[in-house]
Number of protein chains: 2
Amino acid sequence: MQIGKIARATGTKVNTVRYYEEIGLLKPAPRSQSGRRIYADADVERLVFIRRARGLGFSVSEVRSLLEVSDAPNRDCKDAANLARNHLRRVEEQIEQLQAMRQELIGLARACDGGTATDCGIIGGLARKSA
Amino acid sequence: MQIGKIARATGTKVNTVRYYEEIGLLKPAPRSQSGRRIYADADVERLVFIRRARGLGFSVSEVRSLLEVSDAPNRDCKDAANLARNHLRRVEEQIEQLQAMRQELIGLARACDGGTATDCGIIGGLARKSA
DNA sequence: CCTTGATCCTCCAGTAACTGGAGATTGTAA
DNA sequence: TTACAATCTCCAGTTACTGGAGGATCAAGG
């Protein structure tokens with residue numbers, strides 16, 4: 001299949017597929033006589049893997065590592081497990097940060113009763129040095 | 001005061017202060033004879049405002065809008081309130097997304113019992129097309 | 001007076017992970 | 001044949017900084 005089809009099949013943009021090849025997540029696809037990239041079903045699977053990992057928030061370099069493990073079936077999956085654990089911790093930290101932001105934003109919004117900027121709790125709250 | 005001091009006072013890097021000037025969040029600072037930027041107390045307040053808004057996750061262009069409201073004391077703060085509400089919604093969406101990721105990551109990690117990559121629930125889970 | 005170290009200046013490149021577009025081919029269907 | 005879709009390569013732009021090179025300036029100590 002050509003690039004458009006694998007892109008559609010995996011919910012990826014054509015340019016992004018080419019980009020993944022460029023940065024080495026996908027191996028350089030063999031080409032047709034006219035130079036078009038040709039993909040096999042295994043490539044779809046690999047691209048699904050990549051998209052899914054990215055969708056879970058793994059960085060490209062982490063995806064690269066996960067693919068390495070995936071490519072070596074006999075390899076101990078310890079590395080993958082560590083990556084996942086660390087990533088999970090990062091995600092949880094982000095959640096906490098966002099929840100703190102959320103509380104502050106709610107506080108700010110409550111302080112605004114719709115007058116002029118001078119009286120506005122949002123503007124005033126942002127101007128205050130303390131959190 | 002010079003740039004180093006305002007940077008220290010607000011927890012901002014010197015380069016970042018210059019950057020904020022470049023993109024117009026801070027007005028071009030007057031210069032000393034030798035060309036160094038000179039700041040007043042009001043600039044510290046403004047920079048605090050900017051840092052605080054950025055810390056709450058507002059984008060630079062949103063901060064620009066918030067500053068506009070702040071700079072026009074008689075202006076209705078409706079725009080600021082809208083920005084804050086929309087941003088709050090975005091933050092809440094992000095939280096939900098991250099919580100979904102978290103659940104999936106926990107599920108993946110549970111599926112790994114430390115064997116080879118072939119048996120690994122993490123690798124296997126990523127390879128499956130369904131969420 | 002001279003040197004040293006801190007601070008400042010401008011300009012520029014790099015980061016992450018794509019995304020979009022220009023300009024040129026190629027493939028295909030009516 | 002003619003149109004139109006899909007592909008190719010190359011390159012610039014996005015966000016919000018961050019860091020560094022190379023060079024000027026300033027204050028303090030000897």
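Letters A, B, ... are given to chains in the order of the sequence lines, protein chains preceding strands, and every chain is numbered from 1. Predicted, not measured: the structure shown is a model, and the values here were computed from it.
Put simply, CG on B:Asn15 is 15 Å from P on C:dA13, counting in whole angstrom units. A:Tyr39 has its OH atom 12 Å from the C1' atom of D:dC8, to the nearest Å. Distance B:Ile38 CD1 to D:dC26 C1': 12 Å, rounded to the nearest Å. Here the P atom of nucleotide C:dA6 and the CD1 atom of B:Ile3 are 19 Å apart, to the nearest Å. Between A:Gln2 atom CD and C:dT25 atom C1' there is a gap of 13 Å when expressed in whole angstrom units. One can place NZ of A:Lys5 at 11 Å from P of D:dT7, the figure rounded to the nearest angstrom. D:dA16 atom P lies 19 Å from atom CD of B:Glu21, rounded to whole Å. One interatomic measurement links the two molecules: CD of A:Glu22 to P of C:dA16, which rounds to 14 Å at whole-angstrom precision.
Distances shorter than 4.0 Å separate some side-chain N or O of A:Arg37 from OP1 or OP2 on D:dT9. Between A:Tyr20 and C:dA17 there is no side-chain N or O to OP1 or OP2 distance below 4.0 Å. For A:Thr16 and C:dT19, the shortest distance from a side-chain N or O to OP1 or OP2 is below 4.0 Å.
Side-chain N or O atoms of B:Arg46 include one that pairs as donor or acceptor with a backbone N or O of B:Leu25 at under 3.5 Å. Side chain of B:Thr10 to main chain of B:Ile6: a donor-acceptor pair is present (N/O by atom type, distance under 3.5 Å, no hydrogens or angles). In terms of modelled atom types and a separation under 3.5 Å, the side chain of B:Asn82 and the main chain of B:Asp79 share no donor-acceptor contact.
Looking at heavy atoms from C-beta onward, A:Gln94 lies out of side-chain contact with B:Gln94 at the 4.5 angstrom threshold. Residues B:Arg64 and B:Leu67 fail the side-chain proximity criterion, which asks for heavy atoms closer than 4.5 Å. In this structure, B:Leu56 and A:Leu108 have side chains that are in contact, with non-hydrogen atoms separated by less than 4.5 Å. Two residues are said to be in side-chain contact when any heavy atoms from C-beta on lie closer than 4.5 Å; A:Met1 and A:Val44 meet this criterion. The shortest side-chain heavy-atom distance between B:Leu105 and A:Phe58 falls under the 4.5 Å cut-off.
Minimum atom distance to the side chain of A:Tyr19 is reached by C:dA17, of the listed C:dA17, D:dG19, D:dT7. Nearest nucleotide to the side chain of B:Arg36, out of D:dA24, C:dC18, C:dT19: D:dA24. When each of C:dG20, D:dC17, C:dA17 is scored by its nearest atom to the side-chain atoms of A:Arg54, the top-ranked nucleotide is C:dA17.
Mapping A:Lys13 and A:Ser59 onto DNA chain C via the closest heavy atom, the residue that lands nearer the 5' end is A:Ser59.
Legend: residues meeting salt bridge (charged side-chain N to carboxylate O under 4.0 Å, His left out) with A:Arg102, ordered by chain and number and at least two apart, are B:Glu92.
Within residues 26-34 of chain A, the residues approaching DNA chain D are A:Arg31, by heavy-atom distance under 4.0 Å. For residues 89-103 of chain B, proximity to DNA chain C is found at no residue, defined as any non-hydrogen atom under 4.0 angstrom from a strand atom.
Among the atoms of the strands shown, none is found under 4.0 Å from any heavy atom of B:Phe58. Nucleic acid contact for B:Arg18: base, since at least one base atom lies under 4.0 Å from a heavy atom of the residue.
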Chi angles and distances behind the side chain to side chain donor-acceptor pair (under 3.5 Å) call for A:Arg51, A:Tyr20: CA-CA 10 Å; A:Arg51 295 301 286 175; A:Tyr20 286 160; 3.0 Å; yes
